[in-house]
Amino acid sequence: MIIPQISENLTRSGNISVPERCPLCGQETRLQDDDGVKVLYCTNPGCAAKKIKSFALFTSRDAFNIEGLSEATLEKLAEHHVIATYSDIFSLKYHRNTIVDMKGFGEKSYKKLQEAAEKAKKITPEKFIYSLGIPNIGLSTAKLIVKEYGSNIRKLLNLNAMELSSVEGIGDVIAEAYEEFFRKPSNIKLVNDLLYRAKVEIIESPLSASEKPAEGGASLAGITAVITGSLNHFGNRSELKDIIENAGGKVTGSVTKKTDFLINNDITSNSSKNQKAKELGVEIISEDDFIKKFSINV
DNA sequence: CTGACCAGGTGGAATTGGTG
DNA sequence: CACCAATTCCACCTGGTCAG
């Protein structure tokens with residue numbers, strides 16, 4: 001894994017003293033000549049760029065939803081040794097001085113970060129599973145698992161491939177990736193650190209609670225919709241998605257023959273989703289018309 | 001005021017699951 | 001096995017916010 005910052009310095013200023021240890025993970029570094037350019041690598045395959053990406057997924061809206069912690073900030077925190085593993089994100093208060101001294105940061109941004117992390121400690125099991133970055137397990141798949149097996153985190157962590165592949169929508173590939181992930185000692189430690197050191201609290205998922213009947217309005221049972229473009233009546237697309245799902249409908253990411261409505265305020269748009277909808281004869285409907293048609297409370 | 005960063009969004013390739 | 005539906009994952013874009 002290449003160490004980006006240091007490699008940049010190397011090419012810019014020629015020979016500089018090269019750190020023996022990776023600033024992100026502390027493992028040994030290796031200086032290599034790539035086509036005449038000296039590039040510094042970290043010998044740890046799980047380090048650097050890859051690590052930042054996984055941290056970004058961990059803090060993203062569909063996972064722990066820690067506001068203000070995107071890639072650039074995570075990179076800085078890692079460089080300053082503030083975060084090395086996920087649970088460190090919940091220990092920012094021990095690094096106040098370091099963070100306040102970081103370029104582009106001040107007391108205000110430190111407080112904001114720290115509070116956002118504190119607030120994020122309560123999380124649903126499906127978001128928790130998604131946050132870990134298991135290959136091919138996104139939020140939808142995590143939801144399927146929680147819906148089937150409930151909110152008990154110990155139970156969820158110990159599911160085996162056979163139990164998983166019996167869930168509709170989960171096949172062998174995903175089932176095995178899941179079981180393998182939670183069998184690895186390093187991942188077990190990671191999860192335990194989150195639960196016991198950082199004291200992350202897994203709350204009851206709305207999915208595993210007793211089935212809620214659609215409240216008021218018309219039922220959307222059996223309806224499959226795709227949402228694209230920006231919305232006027234909702235903060236973002238996932239708000240509308242939640243409403244549709246709670247009313248028994250389904251929201252997917254791609255337009256197919258099975259799609260009933262493409263919700264799009266810009267009906268004339270030439271986006272690929274609009275084109276696909278026209279091609280398949282799927283009804284394109286504006287947000288307002290959709291709300292009216294199904295008498296959705298805004 | 002300006003540049004860096006962030007949230008939210010787009011679009012499409014790659015991959016997986018299910019089915020005939 | 002071939003095919004379609006659906007999801008995951010990534011690179012990229014844009015308007016708004018904030019530190020310096």
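Lettering follows sequence order; numbering is per chain, from 1.
Within the nucleic acid shown, A/Leu57 has no heavy atom closer than 4.0 Å to any nucleic acid atom. Note on A/Thr252: only backbone sugar-phosphate atoms sit closer than 4.0 angstrom, heavy atoms only; bases stay farther off. When heavy atoms are screened at a 4.0 angstrom cut-off, A/Lys250 is found touching the sugar-phosphate backbone but no base atom. Contact annotation for A/Thr259: no contact, since no heavy-atom pair falls under 4.0 Å across all strands.
Here A/Phe182 pairs with A/Tyr178 under the ring-ring contact (aromatic ring centres under 6.0 Å, His included) rule; sequence neighbours left out. Applying the salt bridge (Lys or Arg N to Asp or Glu O under 4.0 Å) rule to A/Arg96 yields the partners A/Glu107; only residues at least two apart in sequence or on another chain are considered. Take A/Asn65 and apply the side chain to side chain contact (heavy atoms under 4.5 Å, CB included) test, not counting sequence neighbours, and it matches A/Arg61. With sequence neighbours excluded, the residues forming a side chain to side chain contact (heavy atoms under 4.5 Å, CB included) with A/Ser91 are A/Tyr94, listed by chain and number.
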Does the side chain to side chain contact (heavy atoms under 4.5 Å, CB included) test come out yes or no for A/Asn136 and A/Thr141, once each step is laid out? CA-CA 8 Å; A/Asn136 291 312; A/Thr141 307; over 6 Å; no
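The CD1 atom of A/Ile263 sits 14 Å away from the P atom of B/dG9 (whole-angstrom rounding). Atom CG of A/Asn264 and atom C1' of B/dT10 are 11 Å apart (whole Å).
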Tell me which donor-acceptor pairs under 3.5 Å the side chains of residues 192-200 of chain A have, and how far apart each pair is, sequence neighbours excluded?
{"from": "A/Asn192", "atom 1": "OD1", "to": "A/Arg154", "atom 2": "NH2", "distance (Å)": "3.0"}
{"from": "A/Asn192", "atom 1": "ND2", "to": "A/Ile188", "atom 2": "O", "distance (Å)": "3.4"}
{"from": "A/Asp193", "atom 1": "OD2", "to": "A/Lys189", "atom 2": "NZ", "distance (Å)": "2.9"}
{"from": "A/Tyr196", "atom 1": "OH", "to": "A/Arg154", "atom 2": "NH2", "distance (Å)": "3.1"}
{"from": "A/Arg197", "atom 1": "NH2", "to": "A/Ser87", "atom 2": "OG", "distance (Å)": "2.9"}
{"from": "A/Arg197", "atom 1": "NH2", "to": "A/Asp88", "atom 2": "OD1", "distance (Å)": "3.4"}
{"from": "A/Lys199", "atom 1": "NZ", "to": "A/Tyr196", "atom 2": "O", "distance (Å)": "3.2"}

Return all side-chain donor-acceptor pairs below 3.5 angstrom for residues 247-257 of chain A, not counting sequence neighbours, or 'none' if the list is empty.
{"from": "A/Thr252", "atom 1": "OG1", "to": "A/Ser254", "atom 2": "O", "distance (Å)": "3.3"}
{"from": "A/Thr256", "atom 1": "OG1", "to": "A/Lys258", "atom 2": "N", "distance (Å)": "3.2"}

Below 3.5 Å, can you tabulate the donor-acceptor pairs from side chains in residues 110-119 of chain A to any protein atom, sequence neighbours excluded?
{"from": "A/Glu118", "atom 1": "OE2", "to": "A/Lys121", "atom 2": "NZ", "distance (Å)": "3.4"}

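Chain A approaches DNA chain C within less than 4.0 angstrom (heavy atoms of the protein), and the contacting nucleotides run 5' to 3' from C/dA5 to C/dG20.
When the local axes at the two ends of the helix from B/dC1-C/dG20 to B/dG20-C/dC1 are compared, using 5 base pairs at each end, they differ in direction by 20° after rounding to 10°.
By the criterion of side-chain heavy atoms lying less than 4.5 angstrom apart, applied directly or through intervening Ile, Leu, Val, Met, Phe, Trp or Tyr residues, A/Val167 is not grouped with A/Val173; the two fall into different hydrophobic clusters.
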Once each nucleotide of nucleotides 15-20 of chain B is scored for protein heavy atoms under 4.0 Å, what B/S/- sequence comes out, 5' to 3'? -SSS--
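At least one side-chain heavy atom of A/Ile137 sits under 4.5 Å from a side-chain heavy atom of A/Ile129.
Other cluster members for A/Tyr130: A/Leu57, A/Leu139, joined by side-chain heavy-atom distances under 4.5 Å among Ile, Leu, Val, Met, Phe, Trp and Tyr.
Few gaps surround CD on A/Glu283; more than 12 heavy atoms of other groups in view lie less than 6.0 Å from it.
The six-membered or imidazole ring of A/Phe90 lies near that of A/Phe64, with a centre-to-centre distance under 6.0 Å.
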Look for any protein N or O under 3.5 Å of an N or O in nucleotides 3-7 of chain B and output each such pair with its distance, or none.
{"from": "B/dC6", "atom 1": "OP1", "to": "A/Thr73", "atom 2": "N", "distance (Å)": "3.4"}
{"from": "B/dC6", "atom 1": "OP1", "to": "A/Thr73", "atom 2": "OG1", "distance (Å)": "2.0"}
{"from": "B/dA7", "atom 1": "OP1", "to": "A/Gly68", "atom 2": "N", "distance (Å)": "2.6"}
{"from": "B/dA7", "atom 1": "OP2", "to": "A/Ser70", "atom 2": "OG", "distance (Å)": "2.6"}

